[in-house]
Number of protein chains: 2
Amino acid sequence: MRRPTLEAVAARAGVSRATVSRVVNGSASVNPEIRAAVLRAVDELGYVPNSAARSLVTQRTDAVGLVVSEPPSRVFSDDPFFSVVVRAVSQELESADKQVVLMLASSPAGQARVERYVAGGHVDGVILLSLHGSDPLPAALARTGLPVVSHGRPASTDRLPYGDCDNVGGARAAVRHLLERGRRRVATIAGPPDMTAGTDRLAGYREVLSAADRRSLAALGDFTRESGAAAMRRLLEDDPDLDAVFAATDLMAIGALQTLRRTGRRVPDDVAVVGFDDIEAARFTDPPLTTVRQPIAEVARAIVRMLLAQDPAHRQEPVILPTELVVRESS
Amino acid sequence: MRRPTLEAVAARAGVSRATVSRVVNGSASVNPEIRAAVLRAVDELGYVPNSAARSLVTQRTDAVGLVVSEPPSRVFSDDPFFSVVVRAVSQELESADKQVVLMLASSPAGQARVERYVAGGHVDGVILLSLHGSDPLPAALARTGLPVVSHGRPASTDRLPYGDCDNVGGARAAVRHLLERGRRRVATIAGPPDMTAGTDRLAGYREVLSAADRRSLAALGDFTRESGAAAMRRLLEDDPDLDAVFAATDLMAIGALQTLRRTGRRVPDDVAVVGFDDIEAARFTDPPLTTVRQPIAEVARAIVRMLLAQDPAHRQEPVILPTELVVRESS
DNA sequence: CTGAAAGCGCTTACAG
DNA sequence: CTGAAAGCGCTTACAG
């Protein structure tokens, strides 16, 4: 059951391979009758161009890699972040007639596989997602000479084009809001220290507090709900009188709400809570969550466009999209 | 920044392209000194074989497609099913030195893209996951002549090799258990009617009840927690006196627990609940969930082996793995 | 053990 | 507008 080749189509239609190629690739200059005959032969034979042969001559694959530096259990989890990015990236890429190849690379072995895959010419470009500080991929992929962009500011100083939201600004807005509402002891549940989304939001928090001459109180989480619940417990041990907490993600804020409820605190009466992301679930928590809305999908679409437009001639400036504070009942 | 070719490596090492190819592909019969010289050249140049060129001649890609017939929001959700399958399939495939290409295809457009991708020769075989009754992919992919297997029994009658757990038997065990505990009015929350995991579990439920001369009471869900909560509400409206429910997935059982709690029912005192899957969360519900353990990862590994071993000479028998009832406090 | 040569299935200047 | 021909970067019988 070997698949038919250009040659077979050409023979059937009684034309040369060059002509079949032109028809298949939509070249304008083909006699309408000949085109019709070729299309008929394509149809009858069920011809689909062999991508390997095409790539070999065009030096393109029309595929783009979306590489996520997280393990499956994190990517396929209740965190809607990945779903939103994958969906937005896919739509944008498909409308440009590119195939998306999703790869997870959270271990050195996985990273090596991705590097070989990319170096082997399987894709025309790469989108990096959820980069951690120590990730060797940006440097490794840069060596392939292919265009690479990152969703989220990379921790390393490589000048990798990227898109992100204004993490520092969003965190500032959240903390200012809490201070304006009269909160005096504002803690934070920070994200992983090896990710800029974690460190930038922590920086924004610290900045506003120190400008207001207040002390910081931080516990670390890993962006998951469970880690948020645990961090909240530690914060309450450190300072049982805290009256507000800013969590670096909604999921961690939801975990914090759980802990607060279990320790008998009322929200927002005793402790105000603000999250970050504005995931769908933020509207359905009890009470509904005040949060910093982050345009994840817009950033995704922007970096796809950066990737497709990449012109080695001039360096690409990062795209930073604004966030927006959404005030609900938890603060 | 064009990547180096075999030619360049050969020139640098002072040998023919054939020899470089042999070294790169690990052929035994190469003089150790020459091999060393070639490897040095490969290293110095950072040579990685061009996959398109290699595929063109070998007619292999060493890649396998994992095609999931669900939208991103479902695949990237709190349902651990996909994470478990992706992880198991990846491990098994990687240990056979194959690349996994994950593709979602939940719309006609997506299915068409997958079909073209596979027909274009990008993969050596395909694993189908979460097939729905009307899915055109099995038939379309069969036409490519490539090996195809399914995780889960396909609804259509195509003789597609597949692996699954014993859905009917698992459901039977769950319902028998409820009857043995003295439950008299056993309802069920069934899965989607266009998926065999839904219909087979419903069939097992019905079988046991009618053998015991009891009436069935079913409400449909779509495997998600939300749908389980809603289905439970409908069941209670239909029969406020039911004293047990078998849900076709743990997530739906968890949704049912919510509804039961909200309507003031005690579990298991008033209503016993049994799920299906034994996901991690089943141990942490309140009360811990009795459920039918399903070997999702084992099935995944089995079908990968079926795919890799596929010999067109003889039809492959399905692999059906047993389930196991895990009794906890909800029943 | 090694090399010269054919060929995988396409695209694309180049002629006509 | 169409075709003959070169060539993309590999692998693999076939000689030697």
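In what follows, every heavy atom counts, from backbone to side chain, and hydrogens, waters and symmetry copies are set aside. Letters A, B, ... are given to chains in the order of the sequence lines, protein chains preceding strands, and every chain is numbered from 1. Not measured: the values here are computed from a predicted model.
Between the CG atom of B/N50 and the P atom of D/dG7 there is a distance of 18 Å, given to the nearest Å. When the C1' atom of C/dG9 is taken as reference, atom CZ of A/R3 falls 11 Å away, rounded to whole Å. Taking atom CD1 of residue B/I34 and atom P of nucleotide C/dG3, one finds them 6 Å apart after rounding to whole Å. Following rounding to the nearest Å, B/L6 (CG) and D/dT11 (P) show an atom-to-atom distance of 6 Å. Distance A/D62 CG to C/dT11 C1': 13 Å, rounded to the nearest Å.
A perpendicular orientation is assigned to the rings of A/F81 and A/H151, their planes being inclined by more than 60° (bins at 30° and 60°).
For B/R143 and B/E115, the salt-bridge test passes: some basic side-chain N is under 4.0 Å from an acidic carboxylate O.
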Contacts under 3.5 Å, N or O only, protein and nucleotides 12-16 of chain D:
residue: D/dA13; atom: N6; partner: B/R22; partner atom: NH2; Å: 3.2

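When side chains are defined from C-beta on, A/P71 counts as touching A/R74, because their heavy atoms get closer than 4.5 Å. Side-chain contact between A/V101 and A/H122 is absent, with no heavy atoms from C-beta onward closer than 4.5 Å. The side-chain heavy atoms of B/S16 and B/T19, taken from C-beta on, include a pair separated by under 4.5 Å.
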Which dot-bracket string describes DNA chain C (Watson-Crick N1-N3 plus N6-O4 or O6-N4, or G-U N1-O2 and O6-N3, all under 3.5 Å; [ ] crossing; | other strand)?
-> |||.||||||||.|||

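For A/R60, the salt bridge (Lys or Arg N to Asp or Glu O under 4.0 Å) partners two or more places apart in sequence, or in a different chain, are A/D62.
Mapping B/S29 and A/L56 onto DNA chain C by nearest heavy atom places B/S29 closer to the 5' end of the strand.
When ring centroids are compared, B/F76 and A/F76 come within the 6.0 Å threshold.
The phosphate of C/dT11 has neither OP1 nor OP2 within less than 4.0 Å of any side-chain N or O from A/Q59. For the OP1/OP2 pair of C/dG3 and a distance below 4.0 Å, the side-chain nitrogens and oxygens of B/S16 include at least one atom meeting the criterion.
Using a distance-only test at 3.5 Å, with no hydrogens or angles considered, a donor-acceptor pair links the side chain of B/Q316 to the main chain of B/M306.
Other residues, nucleotides and ligands contribute at most 12 non-hydrogen atoms within 6.0 Å of the CZ atom of A/R116.
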